[in-house]
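What follows is a short report on a single structure.
Note that ligands are numbered from 1 as they come in the structure, with each ligand's atoms numbered from 1 the same way. Bear in mind the structure is a predicted one, so any value in this text is a computation, not a measurement.
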Amino acid sequence: MIASHLLAYYFTELHHDKVQQVDKYLYHLRLSDENLMDVSVRFRREMDKGLGRDSSPTASVKMLPTFVRSTPDGTEKGDFLALDLGGSNFRVLLVKVSDNGKQKVEMENQIYAIPEELMRGCGSELFDHIAECLANFLEKMGIKNQKLPLGFTFSFPCQQNKLDESILVSWTKGFKSHGVEGKDVVSLLRKAIKKRGDFDIDIVAVINDTVGTMMTCGYDDHHCEIGLIVGTGTNACYMEEMRHLELVDGDEGRMCVNTEWGAFGDDGALEDLRTDFDREIDAGSLNPGKQLCVSIGAVSEDVSRPDRDKEGLVSAEKVLRGLGLDPSGEDCVATQRVCQVVSTRAAHLCAATLAAVLRQIRDNKAAERLRTTVGVDGSVYKNHPQFARRLHKMVRRLVPDCDVRFLRSEDGSGKGAAMVTAVAYRLATQHAERQRILDALRLSREQLMEVKIRMGNEMNRGLAKESHDQAAVKMLPTYVRSTPDGTERGDFLALDLGGTNFRVLLVRVRSGKKRSVEMHNKIYTIPQEAIQGTGEELFDHIVHCIADFLEYMGMKGASLPLGFTFSFPCHQNRLDQGILLKWTKGFKATGCEGEDVVTLLKDAIHRREEFDLDVVAVVNDTVGTMMTCGYEDPLCEVGLIVGTGTNACYMEEMQNVELVDGDEGRMCVNMEWGAFGDHGELDDFCTDFDRAVDDRSTNPGKQRYEKMISGMYLGEIVRNVLLEFTAKGLLFRGKLSERLKTRGIFETKFLSQIESDRLALRQVRSILQHLGLTSSTCDDSILVKEVCSVVARRAAQLCGAGLAAVVDKIRQNRNLDKLKITVGVDGTLYKLHPHFSSIMHETVRDLSPLCEVTFLQSEDGSGKGAALITAVACRIRDAGQH
Ligand code: 0WK
Ligand code: 0WK
Ligand code: BGC
């Protein structure tokens with residue numbers, strides 16, 4: 001029957017009846033939207049099973065991690081080989097990626113046949129053949145002597161533990177070579193190449209064709225986060241959140257998951273939708289009971305051709321005659337209808353599972369509307385006249401809240417494999433360079449022990465009369481010799497200046513049975529202009545706050561003993577005098593250095609002529625903190641501050657405090673350890689980042705140890721590392737934001753936030769956006785987090801090494817084999833950073849194992865300690881007067 005009759009038949013009633021008959025007969029092959037939505041929900045459930053650590057072993061949809069975590073960022077370059085095995089053609093490719101500003105990819109490729117007997121024969125022969133084709137290709141390209149990196153697209157279900165290792169789970173698509181399942185196909189290929197010995201390559205990555213397709217399309221469209229193959233077989237991959245991949249460690253960022261959705265239904269999940277036709281095909285397949293979803297979705301070439309309305313009928317006749325049949329017009333119509341029904345079901349089933357993947361990504365992003373791209377390849381999708389259209393249409397019907405772009409892959413997954421290899425290469429090179437830079441900020445145990453020893457030496461130099469003036473660590477006597485004995489009582493005022501907040505406190509101390517300390521305090525800000533203005537302005541502001549506090553407490557005009565926590569290095573000859581040696585922590589008020597701050601305070605009180613105060617003691621915040629904690633724990637003989645600045649004090653034997661007469665008992669020594677390193681003691685540990693922070697600080701060359709540890713500087717160190725990384729193209733694609741160039745913009749609190757809760761990455765992103773780095777990637781966030789943790793870890797370890805020297809000195813002072821001691825600690829960095837304290841504790845335990853150190857976090861601040869010291873001084877003074 002010639003085509004014209006057939007076409008004429010097309011418009012007759014008979015044609016319509018025949019279609020109806022076929023439809024009625026193939027009723028079970030038609031799936032309603034409800035069916036498809038149900039399939040989609042079932043598939044989503046299977047996805048969760050595949051992702052779960054406990055459920056994945058029994059899951060049919062394996063959700064295999066691919067270790068592909070990043071997409072090309074435009075800086076990849078070089079020549080890469082690629083193999084593309086598993087589709088209808090086996091290809092060997094050479095992919096040249098150049099990044100002379102505008103990225104360009106050139107490809108040469110050669111298709112080789114894979115003989116049937118090798119697909120079903122011995123595995124080693126199959127890989128020998130692949131190596132043979134590779135050798136042939138290299139020969140042809142004249143590059144046999146080059147050891148190029150290679151990406152291997154191996155389109156079968158594989159278990160991967162890393163990018164260049166892949167264990168074949170089971171063959172599909174008619175492959176059955178023995179001795180391969182359960183083996184690492186990279187090792188098999190390496191072995192085959194080695195066996196030849198006439199060329200060598202570096203296999204960097206093995207990927208699934210869906211992954212290659214996603215990467216190939218991702219090169220042109222950065223929204224592409226799904227790869228779909230509908231060809232000989234069918235499968236999809238997509239970028240999943242790491243926190244959902246329970247089979248792989250780590251919660252940060254995303255990784256591409258190869259769903260291997262071909263096996264959907266192998267556990268009976270689609271039994272109610274499978275027809276006898278499906279069962280028959282499966283029974284006759286090489287892997288009965290396996291890949292059931294594939295056989296349901298399979299649409300061969302012969303089926304595609306007739307599925308084209310009128311000329312489809314002609315094709316149907318040709319196909320049927322090709323099969324040796326003599327079809328009637330009706331037969332052709334029926335055949336065409338069967339093809340339409342079968343391929344429609346295939347497209348719709350594919351849409352149902354794809355819809356589940358789209359919903360997963362939408363929910364991962366907590367997006368109301370998802371905008372994404374699906375990279376697609378495969379002869380069915382590409383060649384079937386209606387498949388793509390039916391798939392797109394059904395996807396839009398099943399997930400109307402997703403804007404999905406379908407991008408046909410024109411270059412095959414080989415380009416994607418080369419991209420994965422290029423990215424792996426770039427990441428490896430960049431990783432090595434980043435680690436080389438960060439290694440300068442990583443301290444070994446030997447180096448930390450060295451810091452401890454040097455701190456110990458500096459302590460002795462500071463204590464000794466003859467070397468004190470030259471010593472960097474001043475070991476300043478505080479005239480605090482005793483700790484509270486419980487008889488103290490009375491009301492005391494306290495000032496707490498030098499940390500993040502300036503506080504004025506009223507402290508009520510009760511003795512005896514009702515021994516307790518009651519506190520009222522108010523926080524005041526110290527304006528920048530007072531911090532950097534004249535000393536008079538600063539102290540007038542302090543007195544203004546005291547007046548406000550007394551009014552606030554209804555104690556206007558009261559005259560109480562006052563303890564002044566003044567957290568800066570002061571030389572003291574007695575408790576109520578403190579000569580400021582130098583400002584730190586950004587303070588620069590003029591006319592204070594070299595002056596007695598108690599006098600400056602008293603002068604300001606007199607200038608105000610509103611109230612008078614009895615300034616009994618001026619103490620450092622470390623001393624106040626030791627006292628505050630000593631009130632709870634008598635073993636507390638060390639005070640530590642890790643906040644805006646850092647410092648420590650401890651109870652030293654009087655015979656060692658050579659600046660003060662007398663050898664009896666002990667006195668608290670304010671170490672002012674922030675200055676450790678000011679005479680070069682730490683130069684071999686200082687990095688360019690430390691030098692950059694110091695150079696641009698308000699006190700260059702000073703407080704070097706503090707500048708490697710404390711809150712005022714850690715953010716700046718991180719910012720300088722990020723600038724270096726970006727300048728080297730190792731971060732933010734080398735794109736610097738103006739804001740990141742701003743000093744102090746990367747606050748230290750960001751370090752604590754970034755290293756704090758599980759959702760760190762999303763938080764990192766928002767912090768980076770706040771810093772004007774709006775196009776930062778997930779990888780960038782992971783790197784920023786790594787930089788923060790390296791900088792914070794070094795700070796905690798350096799602090800621990802210093803403290804290890806202090807507690808060991810006390811132990812040696814007391815000739816003890818074992819010392820049990822408590823350290824009172826305060827400071828925002830110590831309190832808020834999630835890991836600082838534990839790393840510091842660990843370092844102290846490791847470097848001073850003979851000291852059993854308890855760390856007691858001060859909850860009441862050093863103002864309480866200052867009041868207690870004032871109370872003790874008043875008790876002694878009053879006792880002296882009787
Ligand atoms: C072309 C890709 C290849 C993939 C194939 C699938 O380069 O990796 O396996 O598409 O389509 P098929 O050749 O099976 O129709
Ligand atoms: C709270 C104390 C105060 C000290 C401060 C240090 O009461 O004396 O100066 O801690 O921590 P920062 O506020 O600098 O983080
Ligand atoms: C000061 C110390 C103070 C420390 C903690 C340093 O900058 O020099 O006196 O104890 O900061 O606040």
Residues Asp694 and Arg704 bridged, charged N to O under 4.0 Å: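 Judged by the 4.0 Å cut-off on N to carboxylate O distance, Asp694 and Arg704 do form a salt bridge.
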
For Gln577, all residues meeting side chain to side chain contact (heavy atoms under 4.5 Å, CB included), sequence neighbours excluded: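 Expected list: Asn573, Arg574, Ile579, Asp596.
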
Shell of residues surrounding ligand 3, defined by a 4.0 angstrom heavy-atom cut-off that is strict: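 Under the 4.0 Å cut-off, ligand 3 touches Ser567, Phe568, Pro569, Thr584, Lys585, Asn620, Asp621, Thr622, Ile641, Gly645, Thr646, Asn647, Glu672, Gln703, Glu706.
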
Do the side-chain N and O atoms of [X] and [Y] include a donor-acceptor pair separated by under 3.5 angstrom?
| X | Y | value |
| --- | --- | --- |
| Lys864 | Asn521 | no |
| Gln703 | Lys585 | no |
| Ser155 | Asp209 | yes |
| Asn235 | Asn258 | yes |

Could you tell me how the ring of [X] sits relative to the ring of [Y]: parallel (under 30°), tilted (30 to 60°) or perpendicular (over 60°)?
| X | Y | answer |
| --- | --- | --- |
| Phe564 | Phe539 | perpendicular |
| Trp171 | Phe175 | parallel |
| Tyr112 | Phe90 | tilted |

Between side-chain atoms of residues 827-835 and protein atoms elsewhere (two or more places apart, or another chain), which donor-acceptor pairs fall under 3.5 Å?
unit_1: Thr828; atom_1: OG1; unit_2: Thr500; atom_2: OG1; d: 3.4
unit_1: Tyr830; atom_1: OH; unit_2: His841; atom_2: NE2; d: 2.7
unit_1: Lys831; atom_1: NZ; unit_2: Asp826; atom_2: OD1; d: 3.0
unit_1: Lys831; atom_1: NZ; unit_2: Ser858; atom_2: O; d: 2.8
unit_1: His833; atom_1: ND1; unit_2: His835; atom_2: N; d: 3.0
unit_1: His833; atom_1: ND1; unit_2: Phe836; atom_2: N; d: 3.0
unit_1: His833; atom_1: NE2; unit_2: Glu755; atom_2: OE2; d: 3.0
unit_1: His835; atom_1: NE2; unit_2: Glu755; atom_2: O; d: 3.3

Need the ligand 2 atom indices (1-based, order shown) with element for anything under 4.0 Å from a heavy-atom of [X].
| X | result |
| --- | --- |
| Ile641 | 6 (C) |
| Asp621 | 4 (C), 8 (O), 9 (O) |
| Gly499 | 9 (O), 13 (O), 14 (O) |
| Thr828 | 11 (O), 12 (P), 13 (O), 15 (O) |

Protein N/O near ligand 1 N/O, under 3.5 Å, which pairs?
unit_1: ligand 1; atom_1: 7 (O); unit_2: Asp84; atom_2: OD2; d: 2.5
unit_1: ligand 1; atom_1: 7 (O); unit_2: Ser413; atom_2: N; d: 2.8
unit_1: ligand 1; atom_1: 7 (O); unit_2: Ser413; atom_2: OG; d: 3.4
unit_1: ligand 1; atom_1: 8 (O); unit_2: Asp84; atom_2: OD1; d: 2.7
unit_1: ligand 1; atom_1: 8 (O); unit_2: Asp84; atom_2: OD2; d: 3.1
unit_1: ligand 1; atom_1: 8 (O); unit_2: Ser413; atom_2: OG; d: 2.5
unit_1: ligand 1; atom_1: 9 (O); unit_2: Asp209; atom_2: OD2; d: 2.6
unit_1: ligand 1; atom_1: 13 (O); unit_2: Ser88; atom_2: N; d: 2.8
unit_1: ligand 1; atom_1: 13 (O); unit_2: Ser88; atom_2: OG; d: 2.5
unit_1: ligand 1; atom_1: 14 (O); unit_2: Thr232; atom_2: N; d: 2.7
unit_1: ligand 1; atom_1: 14 (O); unit_2: Thr232; atom_2: OG1; d: 2.4
unit_1: ligand 1; atom_1: 15 (O); unit_2: Thr232; atom_2: N; d: 3.4
unit_1: ligand 1; atom_1: 15 (O); unit_2: Ser379; atom_2: N; d: 2.8
unit_1: ligand 1; atom_1: 15 (O); unit_2: Ser379; atom_2: OG; d: 2.4

Qualifying residue for side chain to side chain contact (heavy atoms under 4.5 Å, CB included) with Ser166, from Val185, Thr66, Asn208: Val185

Residue of the set Asp690, Asn699, Thr584 for which side chain to side chain donor-acceptor pair (under 3.5 Å) holds with Lys707: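 Checked Asp690, Asn699, Thr584 against Lys707; only one passes side chain to side chain donor-acceptor pair (under 3.5 Å): Asn699.
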
Structural part of Thr500 in contact with ligand 2, heavy atom criterion under 4.0 angstrom: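 The answer is both, backbone and side chain.
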
